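Written below as structure tokens is the structure these notes are about.
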Number of protein chains: 2
Amino acid sequence: MSRIKEIENKLVHAKYKLTTPRRLIMEILLENEGEHLTAEDIHNRLREKGQPVGLATVYRTLELFCELGILSRLNFEDASSYYELEEHDQHHHHLICLACNRIIEFSDELLEDFMVSIERKYGFEVTDHKIKYLGYCSHCRN
Amino acid sequence: MSRIKEIENKLVHAKYKLTTPRRLIMEILLENEGEHLTAEDIHNRLREKGQPVGLATVYRTLELFCELGILSRLNFEDASSYYELEEHDQHHHHLICLACNRIIEFSDELLEDFMVSIERKYGFEVTDHKIKYLGYCSHCRN
DNA sequence: CCTCCAAGTGATAATGGAATTCATTAATTT
DNA sequence: AAATTAATGAATTCCATTATCACTTGGAGG
């Protein structure tokens, strides 16, 4: 099943309509897979392609896609949010260069070996790390 | 050496003055150690104490304290930044409850055992995690 | 194919956190 | 004490995001 059909199904299955703006945004995301885009990026690229979509709609659609698990929202150290397609079972994390802000992705298959191997594998000198575990605390588990 | 003296030294050593606003902000931070405060929180508490400090100064001071390693700036999933005192060698991370937003802190002594032990230790059901390593990429290492 | 209407859209205004400006004040140097 | 420099704070600006609300549209049911 094509990627776009798959996403389409998720939408329809959740009782949302497949509208033109949503399809256009989806296309931009697929065309730029692997990049980290802001809402504004997407809005601009659509305008450049001669298929403008209102900024409010872009934000609403990105939020919806996050809820449906189509997208991940990423917060780095700056003010804006970045979005990327959620590749199933390809959970990955980020190396962030403090000097140039380059972002390098890495998988989490070998959590215990990370600290040691990252430097070698990516030539990245780790000086700090931030880990957030998300889930449900003892008060909220059903 | 008292905590406040220690911080004072860091300031003076870096050629900054220990001014009244800076001291007041420091006091608020020490009084609320362990909490995660926003710039606005600090600004409000100072006003309530009858020792108001301009919001701009609060922001500038927090930024300065971060540079000097006195504070850490934390970005959770919402829009604002939170600040907490940096306790030397007590590097820790955060468990964030998706239901109530409670934040539980945990140390990183046993990185490899985390995933397994967290659930037991904190009664926290982990459903996702975000790891960011900060440092210098191959292009930027001197 | 047509009608209807909830769902969706988009221009614009509003919001809110953070950064900046700039005139004023405090501290330090000569 | 004059001059230079650092720091402050009220007000303004910036910028990402959200809310508002009149208008449009997709698609289910006739």
Side-chain angles (χ1 to χ4, degrees), chain A residues 7-28 36-68 70-83 101, chain B residues 7-8 10-28 36-68 70-84 101:
Chain A
I7 296 174
E8 217 178 297
N9 282 350
K10 278 194 186 175
L11 262 181
V12 175
H13 198 260
K15 310 262 184 294
Y16 292 103
K17 290 176 190 161
L18 180 63
T19 63
T20 306
R22 283 175 185 163
R23 191 175 40 72
L24 291 173
I25 290 168
M26 204 187 295
E27 282 170 15
I28 291 290
H36 302 123
L37 301 175
T38 65
E40 201 111 19
D41 289 337
I42 293 167
H43 180 246
N44 288 337
R45 293 192 192 188
L46 284 165
R47 198 166 27 69
E48 284 160 16
K49 283 177 74 177
Q51 302 169 316
V53 170
L55 189 53
T57 301
V58 173
Y59 274 106
R60 276 187 298 238
T61 302
L62 293 175
E63 196 191 339
L64 177 62
F65 284 6
C66 283
E67 279 168 21
L68 297 179
I70 294 166
L71 283 183
S72 298
R73 173 202 229 126
L74 309 174
N75 295 300
F76 299 121
E77 302 306 296
D78 65 353
S80 31
S81 292
Y82 295 82
Y83 297 85
N101 287 316
Chain B
I7 296 173
E8 207 179 310
K10 279 195 186 176
L11 262 181
V12 176
H13 197 260
K15 310 260 183 296
Y16 293 103
K17 292 171 195 161
L18 179 64
T19 62
T20 305
R22 284 175 185 161
R23 191 175 40 72
L24 291 172
I25 291 168
M26 203 187 296
E27 281 169 16
I28 292 288
H36 302 122
L37 301 174
T38 64
E40 202 108 20
D41 289 338
I42 294 167
H43 180 245
N44 288 338
R45 293 190 192 189
L46 285 166
R47 197 165 29 67
E48 284 159 16
K49 283 177 75 177
Q51 301 169 317
V53 171
L55 190 53
T57 302
V58 173
Y59 275 107
R60 275 187 296 239
T61 303
L62 292 175
E63 197 192 336
L64 176 62
F65 284 6
C66 283
E67 279 167 22
L68 297 179
I70 294 167
L71 283 183
S72 298
R73 174 204 226 120
L74 307 174
N75 295 300
F76 298 122
E77 303 306 296
D78 64 352
S80 31
S81 292
Y82 296 82
Y83 298 84
E84 66 175 13
N101 287 317

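Because the structure is a prediction, the values reported are computed rather than measured. A, B, ... follow the sequence lines: proteins, then strands. Residue 1 opens every chain.
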All N/O contacts under 3.5 Å from nucleotides 18-20 of chain C to the protein, with atom names and distances to one decimal?
{"from": "C:dA18", "atom 1": "OP1", "to": "B:S81", "atom 2": "N", "distance (Å)": "2.8"}
{"from": "C:dA18", "atom 1": "OP1", "to": "B:S81", "atom 2": "OG", "distance (Å)": "3.3"}
{"from": "C:dA18", "atom 1": "OP2", "to": "B:Y59", "atom 2": "OH", "distance (Å)": "2.8"}

Between CG of B:L24 and P of C:dA26 the distance, given in whole Å, is 15 Å
Here the gap from B:H43 atom NE2 to B:E48 atom CD, rounded to the nearest 0.5 Å, amounts to 10.5 Å
From the candidates D:dG27, C:dT9, D:dA6, the one with an atom nearest any side-chain atom of B:K17 is D:dA6
- Considering only heavy atoms from C-beta outward, does the side chain of B:L64 approach that of B:L11 to under 4.5 Å? yes
Separation of C:dA11 atom P from A:L46 atom CG, nearest Å, is 13 Å
Between CG of A:D41 and P of D:dA16 the distance, given in whole Å, is 10 Å
When rounded to whole Å, the CZ to C1' distance for the pair B:R47 and D:dG9 reads 14 Å
Phosphate OP1/OP2 of C:dA27 contacted by B:T19 side-chain N/O (<4.0 Å) | no
A:L18 atom CG is separated from D:dG27 atom C1', nearest whole Å, by 12 Å
B:N75 CG to D:dT17 P, in whole Å, measures 13 Å
In whole angstroms, the gap separating P of D:dG9 from CG of B:L62 amounts to 13 Å
(request) Measure from the side-chain N and O atoms of B:R73 to the backbone N and O of B:S81, and report whether any donor-acceptor pair falls under 3.5 Å. (result) no
- Taking C-beta and beyond as the side chain, do A:N75 and B:N75 meet within less than 4.5 Å on heavy atoms? no
I'd like to check B:L18 versus B:M26 (side-chain heavy atoms, cut-off strictly below 4.5 Å). Are they in contact? yes
- Anything under 30° is parallel, anything over 60° is perpendicular, the rest tilted; go ahead and classify B:F76 against B:H36. perpendicular
Taken to the nearest whole Å, CG/A:L64 to C1'/D:dT18 is 16 Å
